[in-house]
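Below, chain A is the first sequence line, B the second, and so on; all start at residue 1.
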There are 2 protein chains.
Amino acid sequence: MDQQDDKPSGQGRKPITARELAQLIGVSQSAVSRAFTPGASVSPKMRERILTFARELDYQPNAIASMLSKRRTNIVGIVVSDMENPFYPALIERLSRELQKIGLQSLMFNVTKGSNIEDQLMALRQYNVDAVVIVSATILSAATLDWATENRTAVLVNRTIPDSKLTSVCCHNSEGASAIADHFYELGHKRVAYVAGLAHTSTNMERQGAFITRIAELGLTLAANLDGTEYSYESGYNSALAIAAKGSVDAIFFANDILAAGGLDALRDEAGLRVPEDIAVAGFDDIAMASWPHYSLTTFRQPINQIVAATVKIIRTGSAQPGRPAKTHLISGELKVRKSTIGTALT
Amino acid sequence: MDQQDDKPSGQGRKPITARELAQLIGVSQSAVSRAFTPGASVSPKMRERILTFARELDYQPNAIASMLSKRRTNIVGIVVSDMENPFYPALIERLSRELQKIGLQSLMFNVTKGSNIEDQLMALRQYNVDAVVIVSATILSAATLDWATENRTAVLVNRTIPDSKLTSVCCHNSEGASAIADHFYELGHKRVAYVAGLAHTSTNMERQGAFITRIAELGLTLAANLDGTEYSYESGYNSALAIAAKGSVDAIFFANDILAAGGLDALRDEAGLRVPEDIAVAGFDDIAMASWPHYSLTTFRQPINQIVAATVKIIRTGSAQPGRPAKTHLISGELKVRKSTIGTALT
DNA sequence: CGTATGCTTGCATCCGGATGCAATGTAGAT
DNA sequence: ATCTACATTGCATCCGGATGCAAGCATACG
């Protein structure tokens, strides 16, 4: 019953502070602070002495206090939503790793249809993150975003928003969609189809627009143009079946690889068609699965490394701060031709 | 050239503080603080008045300052590493969403083989996160972990560490592996195989151990027991080919679904076997892909919702703080029987 | 009508570092 | 040897809220 000697739910002993350390060494707290600040005005011997003691006494500067006085958090807020599509985990993992390399941590903000987005984003402001990266395709109005990212560096990744003043980094979607169209043309396909992802997203609209335009230029027929409500395997599966049922389509361009994967399986396993002999299939993104032997999917590769590099550079140089003109950085991708459009049939 | 009127790299105007707000309204700063603190001692009218003005003037409490004085960050550090396996993104997304519901944000710490793990974890301590969740299978010694999580709530998810005093939440791996063994037995298989994931991980060892034990109890033959160096599609693919080459195996249990997916594709597309007629296949996790028609993979489902719920509860109640006895929470899973072990052949 | 009880509110101070400025010390110049 | 210039170090204060304590005030009760 007597637990008065230690807090029942306490956090153990609390860490040593700069002032305590300073007192133990017999220097001022400022000296300690400076010893831990690269480039600060301290003599090498003083710094050495302090760092030695610090190591010994297990002192580490409190990041929170530092944030408060420096008015800088070294934290980047990442707004995400579509973690079902492997492209995003891959992107986010790489991004957060690269940010860590330059001393920035990643605070994740999941926004989902179910939740109140404004509430979620409210936290973004309160935490005073140094920068915000938005990799979510979820509907966010330009106004909401401008509010949430007010006065701080902000980057949209893999999407653009027409009326927003935000900088964005995107794969060159229209280039990619055109490349797919060209590829279909070169293979001699005449009647092609497009299967959309989430309809209103910029990625979908750009890919769809460029594909249809290029198809027309090449004199091919757009035999089907399916609306989409999501970027999912199931959606691709069902769309492919619908197209197969109508018949007379040579090749399908799916708005991304997940859709294409669903489509491929539907065409082969359920519709009984041979890919690519009976019908060719292409996707977009080049997620890991696309190169699996089973899928071997022709797709337009989004260069994640370059996208991340561009994003990190923008954050590092602060070239996306309010007042700066918004800029859209288009990253070139690369057509990866695999067996879903050429070569021998699978299975 | 003349940009002297505003800071070139500045963050725009800075937000209003509690003191400023208080002065404008004519109350004390403490009143403002209390108005934003649920349960604090303020009259309803006072709170109302302050909140109204706050809304009007776009005041929001600075979370950093709050952390410093409350000695509480409302941030949970999540240590991750294996984002290639879809199971983890799914888990993390759900976890971070549930945490958000109770007002906690997620700070991601990616640890990778390439990077110095101790350096990464150093940040964990500096940020004073309220709790740490480790969902990484990467090698972390008990000592490293104890140091990184010293004095704070810490939970291991989907793994255990023998000599560590950390609480963990795991799917009941041995139950699952036994269930798979029973399932193989009931189907009449005699010669079965195990394909390992990352060898030293607790998940792999538990699944392997229980499977082999149960197999022996049932009088089945362990015809192959392949070591593994990673949980990847390619690894599963190659292992399956090795087993197919040896021949005379009725059923394979892969340590997880990604391995099983690779294995399935290899057996069907490359080895030319029918699944499940010639050989049955089972996995573990029940990732989204497992239920795709193409794979239709029999697997032991890890109940992500329950795992997350248990984890969140531990964090919420603080039942994993230093001093408390470490406990391993075993969550029961469920065998999902699909076409990779029963029914008609696919393709 | 005086006083006890409790609720509100403000004051002062703390959380742990960062930093401008002044004080001190040292070396180099004359 | 004297003075100037610069490198170090410490002091005091600030960052923006949280909170213990005491003063202020209203309601309740005798």
- [ ] By nearest nucleotide on DNA chain C, pick out whichever of A:Ile16 and B:Val27 is the more 5' one.
- [x] B:Val27
Task: Any A:Ser28 side-chain N or O less than 4.0 Å from OP1/OP2 of D:dG10 - done: yes
TODO: Respond yes when some side-chain nitrogen or oxygen of B:Ser43 is under 4.0 Å from OP1 or OP2 of C:dC7, and no when none is.
DONE: no
TODO: May I have the distance from A:Arg71 (atom CZ) to C:dT19 (atom P), rounded to whole angstrom?
DONE: 9 Å
Open item on the list: Classify A:Val32 by what it touches in the nucleic acid, base, sugar-phosphate, or nothing, heavy-atom distance under 4.0 Å.
Closed with: nothing
Open item on the list: By the 4.0 Å heavy-atom rule, please label A:Ser30 as base, sugar-phosphate, or nothing.
Closed with: base
Open item on the list: Looking only at the side chain of A:Lys70 (C-beta and beyond, no hydrogens), which of the listed nucleotides C:dA18, D:dG10, C:dT13 gets closest?
Closed with: C:dA18
Task: Distance in Å, A:Asp82 CG paired with A:Asn158 CG, rounded so as to fall on 0.5 Å steps - done: 9.5 Å
Task: Contact nearer the 5' end of DNA chain D, comparing B:Asn62 with A:Pro44 - done: A:Pro44
TODO: Between B:Pro61 and B:Arg34, just flag the one whose closest nucleotide in DNA chain D comes earlier from the 5' side.
DONE: B:Pro61
- [ ] Please work out if A:Thr17 contacts a base, only the sugar-phosphate, or nothing of the nucleic acid, heavy-atom cut-off 4.0 Å.
- [x] sugar-phosphate
Open item on the list: Checking the side chain of B:Arg316 only, and the main-chain atoms of B:Leu99 only, is there a donor and an acceptor separated by less than 3.5 Å?
Closed with: no
Open item on the list: Rounding to an integer number of Å, can you tell me how far B:Asn74 CG sits from D:dG17 C1'?
Closed with: 14 Å
Task: Length of the NZ-P vector between A:Lys45 and C:dG25, whole Å - done: 15 Å
Task: Distance, rounded to the nearest Å, where B:Ile25 contributes CD1 and C:dT9 contributes P - done: 12 Å
Open item on the list: Heavy atoms from C-beta onward define the side chain here; which of C:dT9, C:dA12, D:dC15 lies closest to that of B:Val42?
Closed with: C:dT9
Open item on the list: Within the supplied structure, the quantity of interest is the number of heavy atoms (other residues, nucleotides, ligands) at a distance under 6.0 Å from A:Gln23 CD; does it exceed 12?
Closed with: no
- [ ] Measure the distance from CD on B:Gln29 to C1' on C:dT13 and round it to the nearest whole Å.
- [x] 11 Å
- [ ] Report the nucleotide, chosen from D:dG10, D:dG17, D:dT13, that has the shortest atom-to-atom distance to any side-chain atom of A:Met46.
- [x] D:dG10
Open item on the list: Does A:Ser41 reach a base, just sugar-phosphate, or nothing at all? Heavy atoms under 4.0 Å.
Closed with: base
Open item on the list: Quick test of your reading of the model: are A:Lys101 and A:Glu98 salt-bridged, counting only N-O distances below 4.0 Å?
Closed with: yes
Task: Rounded distance (nearest 0.5 Å) linking atom OG of A:Ser69 with atom CG of A:Asn62 - done: 9.5 Å
Open item on the list: Under 4.0 Å, heavy atoms only, any strand: does A:Met67 hit a base, just the sugar-phosphate, or nothing?
Closed with: nothing
- [ ] Scan B:Ser66 against the nucleic acid and name what it touches under 4.0 Å (heavy atoms): base, sugar-phosphate only, or nothing.
- [x] sugar-phosphate
Task: Interatomic distance where NZ belongs to A:Lys14 and C1' belongs to C:dC15 [whole Å] - done: 9 Å
Open item on the list: Rounding to an integer number of Å, can you tell me how far A:Arg19 CZ sits from D:dG10 C1'?
Closed with: 13 Å
Task: Side-chain heavy-atom pair B:Leu166, B:Asp146 within 4.5 angstrom cut-off - done: yes
Open item on the list: Without decimals, in angstroms, what is the distance between A:Ile50 CD1 and C:dA18 C1'?
Closed with: 14 Å
